Amino acid sequence: MADLEYTIENGIATILLNRPHRKNAFTLDMLDTWADSLRSARTDPQVRVILVTGAGGAFCAGVDLDDLAEVTTTLARQEVLSQRVHRVAAAALELDKPLIAAVDGVAVGAGMDMALACDIRLASDRAGFSEAYVRVGLVPGDGGAYLLPRIVGQARALELLWTGRFVDAHEALDLGIVLSVHPPDQLAEGADRLCRQLADGPPVAIRAIKRLVRQGERVDFTTALSMVAAEQAVIQSTQDSAEALAAFREKRAPKFTGT
């Protein structure tokens, strides 16, 4: 079996990190496949939502240090980050389709960063999160210093980044890192239920909503309203918009085609 498996079923693309013997710590080859999978999902009309999860009771323990044993020069280390590791985070943040993480077990270091790059995180009650870089004298290497403050606020983010302490699932829920907490044997069902609801929704509108939320973080309110007007005008001309209105009037479930 592959270390990373990418599958598509009923509009849901699943990225499964599949190295349970290493708590799904990723190799450089896994990173390439991960980034390529996200980029493929972005343009694939059959994909409406993407789920990232891990096998064997773990999400991701970060990078597999054994895979970096021969990366010893300053230039090589910089290139591994910019050309391999960062490709995943960049692909995640460029994606305008919903990106969901189901976190069972540890999400540590770059593994936590990868989870933070998702739009929504669900967790099992045995999940644990740690920005552990500082414990080995490093800074967050895959976007944690950018992403975490936007989720929990600057002061709490600094505390977590400076200490590298573990946050359990219920504290993560309180901090807003995760949306919901589930028993381990019910996490997949909870994630599938959310993904199914999103996949059944109007894909053009769902993608536009994500773009507006993300872009709204970087512009003033007047500009945000202008972007809404532009997006709305396009969406109202789609077949999906007409189908949604017809289904509402006819009291039936809509069937969206993404057009």
Side-chain angles (χ1 to χ4, degrees), residues 1-9 11-121 129 131-133 136 138-147 191 195 207 210 214:
M1 295 187 0
D3 288 342
L4 186 148
E5 297 181 5
Y6 177 70
T7 57
I8 302 171
E9 184 176 357
I12 302 171
T14 299
I15 296 173
L16 174 68
L17 310 180
N18 195 29
R19 299 184 77 218
H21 61 292
R22 300 287 286 179
K23 295 189 182 299
N24 300 319
F26 53 76
T27 64
L28 296 182
D29 287 343
M30 284 175 67
L31 289 172
D32 293 338
T33 305
W34 195 341
D36 290 343
S37 298
L38 289 171
R39 294 191 186 282
S40 175
R42 181 185 182 186
T43 57
D44 187 344
Q46 300 303 312
V47 175
R48 296 189 177 184
V49 59
I50 301 93
L51 173 68
V52 182
T53 191
F59 181 73
C60 180
V63 65
D64 188 332
L65 295 177
D66 291 345
D67 202 50
L68 300 181
E70 297 181 4
V71 181
T72 57
T73 70
T74 300
L75 180 60
R77 289 167 177 158
Q78 184 183 53
E79 288 179 344
V80 163
L81 278 175
S82 63
Q83 298 179 20
R84 309 291 288 278
V85 179
H86 292 169
R87 285 185 66 225
V88 178
L93 294 179
E94 290 169 2
L95 190 68
D96 65 354
K97 297 176 182 179
L99 179 59
I100 311 300
V103 180
D104 185 18
V106 296
V108 176
M112 180 171 177
D113 289 348
M114 298 298 199
L116 295 177
C118 296
D119 302 310
I120 292 174
R121 291 152 296 280
F129 300 83
E131 287 283 351
Y133 297 96
V136 289
L138 297 175
V139 300
D142 201 24
Y146 177 90
L147 297 165
C195 289
R207 294 198 305 272
K210 179 171 176 176
R214 288 288 178 87

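A quick note: this is a predicted structure, and the numbers were derived from the prediction, not measured.
If you take CD1 on Ile15 and CG on Leu38, they are separated by 4.0 Å, rounding to the nearest 0.5 Å. Interatomic distance, Asn18 CG to Leu4 CG, rounded to the nearest 0.5 Å: 8.5 Å. From Glu131, atom CD reaches atom CG of Asp142 across 9.5 Å, with rounding to the nearest 0.5 Å. Remark: Thr27 OG1 to Leu31 CG distance equals 6.5 Å, nearest 0.5 Å. Once rounded to the nearest 0.5 Å, the distance linking OG of Ser37 with CG of Leu16 reads 11.0 Å.
Looking only at distances, no side-chain donor or acceptor of Ser40 sits under 3.5 Å from a matching main-chain atom of Asp36.
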Test side chain to side chain contact (heavy atoms under 4.5 Å, CB included) applied to Leu17 and Met30, step by step:
CA-CA 8 Å; Leu17 310 180; Met30 284 175 67; 4.3 Å; yes

Could you give the side-chain donor-acceptor pairs of residues 45-64 under 3.5 Å, partners two or more places apart or in another chain?
unit_1, atom_1, unit_2, atom_2, d
Arg48, NH1, Ala199, O, 3.1
Arg48, NH2, Phe256, O, 2.7
Thr53, OG1, Ala102, O, 3.1
Asp64, OD1, Arg22, NH2, 2.8
Asp64, OD1, Asp66, N, 3.0
Asp64, OD2, Arg19, NH1, 2.9
Asp64, OD2, Arg19, NH2, 3.1
Asp64, OD2, Arg22, NE, 3.2

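The side-chain hydrogen bond (donor to acceptor under 3.5 Å, both in side chains) test applied to Asp29 returns no partner, not counting sequence neighbours. For the salt bridge (charged side-chain N to carboxylate O under 4.0 Å, His left out) test, no residue two or more places apart in sequence or in another chain qualifies with Glu5. Residues passing the salt bridge (charged side-chain N to carboxylate O under 4.0 Å, His left out) test with Asp44, sequence neighbours excluded: none.
Closest heavy-atom contact between Ala101 and Cys118: CB-SG, 3.7 Å. Of all non-hydrogen atoms in Ala117 and Leu93, the two that sit nearest each other are O-CD2, 4.1 Å.
Every pair passing side-chain hydrogen bond (donor to acceptor under 3.5 Å, both in side chains) that includes a residue from residues 89-107 is listed here, sequence neighbours excluded: Arg39-Glu94, Asp96-Arg211, Asp104-Ser124, Asp104-Arg126. Sorted by first and then second residue, the side-chain hydrogen bond (donor to acceptor under 3.5 Å, both in side chains) pairs with a member in residues 111-121 read Asp113-Tyr133, Asp119-Lys210, Asp119-Arg214; sequence neighbours excluded. Listed by first and then second residue, the side-chain hydrogen bond (donor to acceptor under 3.5 Å, both in side chains) pairs that reach into residues 74-86 are Asp32-Arg84, sequence neighbours excluded.
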